[in-house]
Amino acid sequence: MLDIKLIREQPDFVRQRLATRGAGDESKIDEVLALDDRRRKLLAEVETLKAQRNRVSKEIGALMGQQKTTEADAKKQETREIGERIALLDRTVAEAEAGRDAVLLRLPNLPHASVPPGKTGADNREVRAWGDKPSFSFKPGAHVEICERLRLVDFARGTKLTGSGFVLFTNWGARLERALIQFMLDLHIREHGYTEVAPPFLVSGDCMLGVGQFPKFLDQAYAAREGADDATLGRLFLVPTAEAPVANIHRGEILKVDQLPVCYCAYSPCFRAEAGAAGVGTRGLIRVHQFDKVELIRIVKPETGYAELEKLAGHAERVLQLLGLHYRVVLLCTGDLGFASAKTYDLEVWAPGQGSYLEVSSCSNCEDFQARRMGLRFKADERFNAHPHVLNGSGTALARLFVALVETWQQADGTIAVPPVLQPYLKAERIAG
RNA sequence: GGAAGGGUGGCUGAGUGGUCUAAGGCGCCUGACUCGAAAUCAGGAGUAGGGGCAACUCUACCGCAGGUUCGAAUCCUGUCCCUUCCGCCA
């Protein structure tokens with residue numbers, strides 16, 4: 001969440017930055033300030049009363065020690081009333097604070113100054129591209145057709161097992177999926193210096209709050225229930241991304257400055273309800289409720305945050321380069337930024353069969369927005385604690401990568417050539433069904 | 001799921017209603033002594049939120065949330081977690 005002190009001290013700046021997102025959130029600032037002001041006034045009042053009560057209680061203790069019970073009783077009577085006022089005010093303060101935080105937790109992060117202004121994806125800026133669109137001596141097929149013909153994916157049975165948006169990878173499809181996961185993990189661990197972690201695939205609501213999924217996007221999550229106990233519904237959620245558990249690994253901790261940067265790499269399936277999203281019903285792998293992803297997380301010193309973002313994007317790009325896939329890097333405009341992000345690069349890979357680019361990675365610097373929500377700090381020096389920048393990036397998302405891969409590497413004879421870097425994992429040079 | 005025990009500062013560990021301003025020990029930081037170190041001695045050291053230009057000061061925090069009380073680390077209730085044992089289970 002945003003720093004309440006920043007809102008207090010520079011409300012116009014905060015309003016101006018929020019306005020660039022075009023979602024109207026800047027109108028909430030006055031409300032936050034009013035609620036915050038009320039909270040502080042009440043706090044000052046109740047704390048004065050508490051100081052008074054502490055003083056008198058101490059006096060009572062002394063009187064009791066001297067057996068002066070009559071005087072002690074008189075003071076007790078006097079203090080009882082203060083206690084009642086304190087109890088009442090404590091509740092009011094808690095309400096004021098909860099009210100303020102309810103608004104604060106729904107405000108998105110401020111876009112970084114280097115983010116181009118804009119309303120929609122149309123205003124995003126392409127910053128670079130790698131490779132060229134491949135040319136074919138034949139009309140390239142689309143992934144649904146290729147996958148069904150080579151029996152890589154059984155869409156019908158995936159739907160039978162669970163419902164639309166869930167797919168069953170079969171035989172070489174399943175093996176390719178697994179090979180890609182392992183290839184990406186190995187790359188990031190061995191060459192990019194990440195520490196591999198294998199997180200839980202269910203997380204608490206606190207973790208979802210910490211990364212900014214909640215409270216605003218509760219409707220996008222799958223909630224779990226333990227057995228038949230409805231009371232447990234909503235305690236645990238299927239991870240929408242490994243970012244949810246992994247970014248929270250150090251929640252509530254104070255890291256030592258020499259621990260930074262903390263770099264984690266994790267595989268997880270990702271579960272997304274995609275409630276209300278357009279095109280959920282479309283066949284294929286492009287928009288599904290469950291997909292695999294290798295996620296990268298970096299917890300870094302604030303002053304290095306943006307250099308780290310470039311590094312992170314480079315790590316994700318390396319995956320696509322090694323797989324020989326043409327892609328472009330897009331800098332998202334203010335209006336297209338995610339809730340928690342201050343700056344985001346999307347990696348879009350070319351899918352010849354679709355004739356379009358597919359988003360396979362989103363690399364973001366969330367600055368201290370998430371760190372503040374999860375109580376993550378580091379000891380900047382002897383007496384000063386600060387919130388680190390938390391970055392996340394897909395390295396990369398699999399279902400769409402799978403699409404780009406089979407469409408790019410399809411051959412005239414209907415087979416798929418296996419990119420050299422995957423051959424050791426797949427123990428094959430081509431996939432012929 | 002059942003039974004028992006337990007959660008106190010960086011660690012260990014005392015504390016069963018009132019100088020708890022949380023003892024003692026270990027470790028850490030600063031200083032003294034020393035050529036330097038060890039040992040010794042003295043001092044310091046948590047987190048968050050308020051108020052104040054500042055020196056400073058107030059409030060809260062003994063797993064978490066409530067309750068009792070003038071006053072709670074301490075008593076009561078709930079809850080989470082850990083350990084051990086039993087049951088079930090991959």
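Per chain, numbering begins at 1; letters A, B, ... match sequence-line order.
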Sugar-phosphate only, base, or nothing, as touched by S57(A) at under 4.0 Å among non-hydrogen atoms: base
Test item: T79(A) side-chain N/O and K75(A) main-chain N/O as donor-acceptor pair under 3.5 Å: yes
Identified pairing partner of rU77(B), criterion: Watson-Crick or G-U wobble below 3.5 Å: rA65(B)
Whole angstrom value for the distance that separates C1' of rC29(B) from NZ of K379(A): 12 Å
Interatomic distance at C1', rC41(B) relative to rA54(B), whole Å: 35 Å
Nucleotide forming a Watson-Crick or wobble pair with rU59(B), both distances under 3.5 Å: rA48(B)
Between rC29(B) (C1') and K256(A) (NZ): distance, integer Å: 14 Å
G-U wobble or Watson-Crick pairing nucleotide for rA90(B) (cut-off 3.5 Å, both distances): none
Nearest listed nucleotide, side chain of K50(A), among rU47(B), rU59(B), rG50(B): rU59(B)
Under 3.5 Å: donor-acceptor pair, side chain of H188(A), backbone of L296(A): no
d(CD, E59(A); P, rG71(B)) in whole Å: 15 Å
Short side-chain to backbone donor-acceptor contact, D123(A) and K119(A), under 3.5 Å: yes
Contact under 4.0 Å: R80(A) side-chain N or O vs rC70(B) OP1/OP2: yes
Under 3.5 Å: donor-acceptor pair, side chain of H387(A), backbone of R377(A): no
Distance below 4.0 Å between K58(A) side-chain N/O and rC20(B) OP1 or OP2: no
Sole residue of F214(A), F271(A), F217(A), Y222(A) in ring pair (Phe, Tyr, Trp, His ring centres under 6.0 Å) with F237(A): F214(A)
Residue closer to the 5' end of RNA chain B, T79(A) versus Q52(A) (nearest nucleotide): Q52(A)
Rounded C1' spacing from rG27(B) to rC11(B) in Å: 7 Å
Contacting residues from residues 83-101 of chain A, given that a heavy atom lies under 4.0 angstrom of RNA chain B: none
rU40(B) and rA55(B), which share atom name C1', separated by this distance in whole Å: 35 Å
Same-atom distance (C1') from rC26(B) to rU74(B), integer angstrom: 26 Å
Earlier contact from the 5' end, RNA chain B, for K5(A) and K76(A): K5(A)
Nearest-angstrom distance from the residue atom CG of D3(A) to C1' of rA48(B): 14 Å
Between rA45(B) and rC29(B) - C1' atom distance, rounded Å: 7 Å
Sugar-phosphate only, base, or nothing, as touched by K75(A) at under 4.0 Å among non-hydrogen atoms: nothing
Expected output: side-chain R272(A) to main-chain P240(A) donor-acceptor under 3.5 Å: yes
Touch class at under 4.0 angstrom, heavy-atom based, for I60(A) against every strand present: base
Under-4.0 Å side-chain N/O to phosphate OP1/OP2 contact, N385(A) with rG46(B): no
Sugar-phosphate only, base, or nothing, as touched by R38(A) at under 4.0 Å among non-hydrogen atoms: nothing
Short side-chain to backbone donor-acceptor contact, N124(A) and L332(A), under 3.5 Å: no
Sugar-phosphate only, base, or nothing, as touched by R377(A) at under 4.0 Å among non-hydrogen atoms: sugar-phosphate
E47(A) (side chain) and rG51(B) (base): donor-acceptor pair under 3.5 Å: no
Atom-pair distance (CG on L376(A); P on rA48(B)), nearest Å: 13 Å
Sugar-phosphate only, base, or nothing, as touched by R39(A) at under 4.0 Å among non-hydrogen atoms: sugar-phosphate
Between rC75(B) and rC62(B) - P atom distance, rounded Å: 14 Å
Separation of R100(A) CZ from E95(A) CD (nearest 0.5 Å): 14.5 Å
Atom pair distance, as rounded to whole Å: CG in L255(A) and P in rG46(B): 19 Å
Distance test, side-chain N/O of R53(A) to OP1/OP2 of rG71(B), below 4.0 Å: yes
From CA spacing to verdict: salt bridge (charged side-chain N to carboxylate O under 4.0 Å, His left out), R178(A), D292(A): CA-CA 9 Å; R178(A) 178 163 53 87; D292(A) 293 307; over 6 Å; no
Complement of rC11(B), any strand, by Watson-Crick or G-U distances under 3.5 angstrom: rG25(B)
H143(A) side chain to A404(A) backbone, donor-acceptor under 3.5 Å: no
N or O in side chain of R8(A) less than 4.0 angstrom from rG50(B) OP1/OP2: yes
Any N54(A) side-chain N or O less than 4.0 Å from OP1/OP2 of rG71(B): no
